[in-house]
Q: 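Here it is, the structure in full.
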2 protein chains.
Amino acid sequence: MSQTVDRALSILPLLAEGPADLGQVADRLDVHKSTALRLLRTLHEHGLVYRQSDQRYRLGARLFALAQEAVENLDVREIAHPHLVRLNENCGHTVHLAVHEDGEVLYIDKVDSRYPVRMYSRIGKPVAITVAAVAKLLLADLPDPERRTFAEKLDYPMYTSRSTPSAPAFLRELDKVREQGWATDLGGHEESINCVAAPIRGTDGRVVAAMSVSAPNVVVTETELLTLLPLVRRTAEAISAEYSGKTPTKETSS
Amino acid sequence: MSQTVDRALSILPLLAEGPADLGQVADRLDVHKSTALRLLRTLHEHGLVYRQSDQRYRLGARLFALAQEAVENLDVREIAHPHLVRLNENCGHTVHLAVHEDGEVLYIDKVDSRYPVRMYSRIGKPVAITVAAVAKLLLADLPDPERRTFAEKLDYPMYTSRSTPSAPAFLRELDKVREQGWATDLGGHEESINCVAAPIRGTDGRVVAAMSVSAPNVVVTETELLTLLPLVRRTAEAISAEYSGKTPTKETSS
DNA sequence: AATGGCCGTTGCGGAGGATGCAATGGCCTC
DNA sequence: GAGGCCATTGCATCCTCCGCAACGGCCATT
């Protein structure tokens with residue numbers, strides 16, 4: 001809506017790909033170098049971009065601080081975290097917490113597996129929305145028409161042969177997920193990784209977040225992972241209860 | 001330099017304090033509500049602010065994603081991380097990695113203590129610059145005049161009775177730190193927490209980052225912590241060596 | 001050592017966009 | 001049902017942002 005700001009903000013994802021010099025930025029924005037310079041300077045003054053010693057620009061440190069403060073304002077995360085850690089101590093696998101925001105689903109917390117396996121997911125990274133178990137839970141809770149139009153707009157990349165192939169298939173899956181109150185991703189994103197997830201609900205019963213346990217099938221089979229489902233659901237319910245204020249927190253109850 | 005962008009970006013720290021509605025934002029920016037609305041809309045389209053259900057605005061999720069990608073581009077961090085983890089496994093205490101950027105010092109990595117103690121520090125959070133051991137190392141490496149003017153501009157909050165009280169005291173401390181090649185913070189930030197730190201240097205010998213080990217004196221005394229100094233310095237030197245390319249990394253050496 | 005090219009930087013006039021005003025409409029309260 | 005509060009919109013005015021062109025520093029090339 002505001003051209004100048006729009007251009008300035010477009011620089012950020014651009015620099016996220018890696019450092020760039022003035023000319024590159026100007027080219028990518030399709031503006032004159034002097035314009036790009038002014039925008040970069042303004043971003044710099046706010047600490048959002050940093051000028052490294054070779055004069056190229058990259059994302060700045062203030063961005064971390066802002067992201068940190070943003071995450072601290074999400075109270076679901078704070079409440080959920082100890083539960084996630086405890087779950088990880090019980091089962092040993094990777095635990096994720098995700099929320100839905102403006103058509104994206106993203107991880108806001110993660111407790112790493114205690115097995116020596118790496119999993120490619122990062123806090124803050126958008127989730128593969130058509131296949132991830134947490135995404136299914138979050139989207140299944142949307143009102144019907146919205147869910148429909150949203151599903152139509154999506155791409156359905158076939159990460160593996162078991163990925164959700166199309167909008168109708170996705171909508172059917174969402175219906176199933178909503179009905180059963182939990183979700184899975186069985187090799188839909190990475191062939192060898194399975195995942196079970198459960199929803200976290202607010203006072204009004206709406207899904208505010210979703211959590212999942214993931215493990216590669218070199219560690220546990222699909223069926224073994226599914227035996228964890230009751231534990232995952234209980235954890236999610238405990239978080240829901242605390243989030244809704246049903247359990248007294250540290251604060252003195254008035 | 002660009003008024004419009006400047007105003008837009010000023011909204012971000014404002015929202016970092018907590019959610020705000022349109023009127024509040026307009027007041028704080030000292031602009032008309034319609035102007036604030038347009039700016040907020042632009043920020044929203046880029047995912048930097050999010051409109052919650054009560055119509056108030058807060059910081060958006062894209063900020064995480066950006067911050068994450070920013071941190072991934074810092075190769076010191078990537079190289080240092082395994083070393084930090086190993087150090088943590090050896091001594092059990094909290095390990096920090098920090099860099100200096102535009103007059104701020106901030107943590108870019110952290111490995112939590114294996115003792116059941118909480119430490120108040122977060123990745124991305126600016127460091128208490130006048131007392132933290134890592135900050136002393138990073139600032140001690142600045143060229144003389146710059147260091148001087150910088151020290152003058154600082155505030156010297158007395159977190160504890162052992163905090164650095166003034167610019168001259170700070171400059172003396174920096175001289176000492178530079179000479180000895182390591183730094184401490186003995187109860188200067190929090191009364192009961194001590195800290196030893198060592199510098200990480202690039203090819204040209206300049207300090208590019210600093211790392212530290214921190215522990216509360218309920219766990220180890222000041223002197224006990226100081227016995228870890230050689231280990232900390234060796235770790236820092238190992239990271240420096242690898243960062244300078246003296247040790248072959250995973251890549252095939254050409 | 002001299003030269004050419006590249007890149008960042010600056011000053012300036014014109015044009016396009018951002019600004020603030022005033023009016024509308026939805027929502028909640030009294 | 002009336003009043004007030006807040007978000008939202010259309011519009012005319014003015015300001016500010018834009019692209020141009022010229023400068024200057026730096027590096028590589030001859």
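Reminder, nothing fancy here: chain letters follow the sequence lines and each chain counts from 1.
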Q: Reading DNA chain C from 5' onward, which residue's closest nucleotide shows up sooner: A:L37 or B:L39?
A: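 The residue closer to the strand's 5' end, by nearest nucleotide, is A:L37.
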Q: Could you tell me the Watson-Crick or G-U partner of D:dT30, where both distances fall under 3.5 Å? Say none if there is no partner.
A: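 Pairing partner, where one exists within any strand: C:dA1.
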Q: C:dT19 phosphate, OP1 or OP2: any side-chain N/O from B:R38 under 4.0 angstrom?
A: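 Yes, within the criterion.
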Q: Nearest nucleotide by nearest heavy atom, which residue falls closer to the 5' end of DNA chain C, A:Y57 or A:Q3?
A: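 On the 5' side of the pair lies A:Y57.
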Q: CG of B:D155: more than 12 outside heavy atoms within 6.0 angstrom?
A: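 Count not over threshold, so no.
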Q: With rounding to the nearest 0.5 angstrom, report the OH to CG distance, A:Y50 to B:D102.
A: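 If we round to the nearest 0.5 Å, A:Y50:OH and B:D102:CG are 6.0 Å apart.
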Q: Between C:dA18, C:dG8, D:dC17, spot the one nearest the side chain of A:D21, thanks.
A: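 The answer is C:dG8, which lies nearest to the side chain.
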Q: When rounded to the nearest 0.5 angstrom, what distance separates OG in A:S2 from CG in A:D6?
A: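 Reported value, rounded in 0.5 Å steps: 7.5 Å.
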Q: Please determine, for the side chain of B:Q55, which listed nucleotide (D:dC17, D:dT8, C:dG8) has the closest atom?
A: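 So the side chain of B:Q55 is nearest to D:dT8.
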Q: Describe the nucleic acid contact of A:R7 in one word from base, sugar-phosphate, nothing, applying a heavy-atom distance below 4.0 Å.
A: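 Since only primed, P, OP1 and OP2 atoms lie under 4.0 Å of A:R7, the category is sugar-phosphate.
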Q: Does B:E179 have more than 12 heavy atoms from other residues, nucleotides or ligands lying within 6.0 Å of its CD?
A: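 Not more than 12 within 6.0 Å, no.
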Q: Considering every strand and a 4.0 Å limit on heavy-atom distances, what is the contact class for B:R41: base, sugar-phosphate, or nothing?
A: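 Sugar-phosphate only.
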Q: Parallel, tilted or perpendicular: which one describes the rings of A:H100 and A:F150, with boundaries at 30° and 60°?
A: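 Judged by the thresholds at 30° and 60°, the geometry between A:H100 and A:F150 is perpendicular.
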Q: Determine: side-chain N/O of A:T4 to OP1/OP2 of D:dT16, distance under 4.0 Å, yes or no.
A: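 False: A:T4 side-chain N/O out of range (4.0 Å or more) of D:dT16 OP1/OP2.
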Q: Take the protein atom CG of A:L22 and the nucleotide atom C1' of C:dC6, then report the distance between them rounded to whole Å.
A: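 Roughly 12 Å, once rounded to whole Å.
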Q: So if I take residues 24-35 of chain B and measure heavy-atom distances to DNA chain D, which residues fall below 4.0 Å?
A: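 The stretch gives B:K33, B:S34 as the residues lying under 4.0 Å from the strand, ordered by number.
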Q: In this structure, how many angstroms lie between the P atom of D:dG10 and the CE atom of A:M1, rounded?
A: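 It is 10 Å, rounded to the nearest whole Å.
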Q: Is the number of heavy atoms from other residues, nucleotides or ligands under 6.0 Å of A:D30 CG greater than 12?
A: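 Atom CG in A:D30 is not crowded, with 12 or fewer foreign heavy atoms closer than 6.0 Å.
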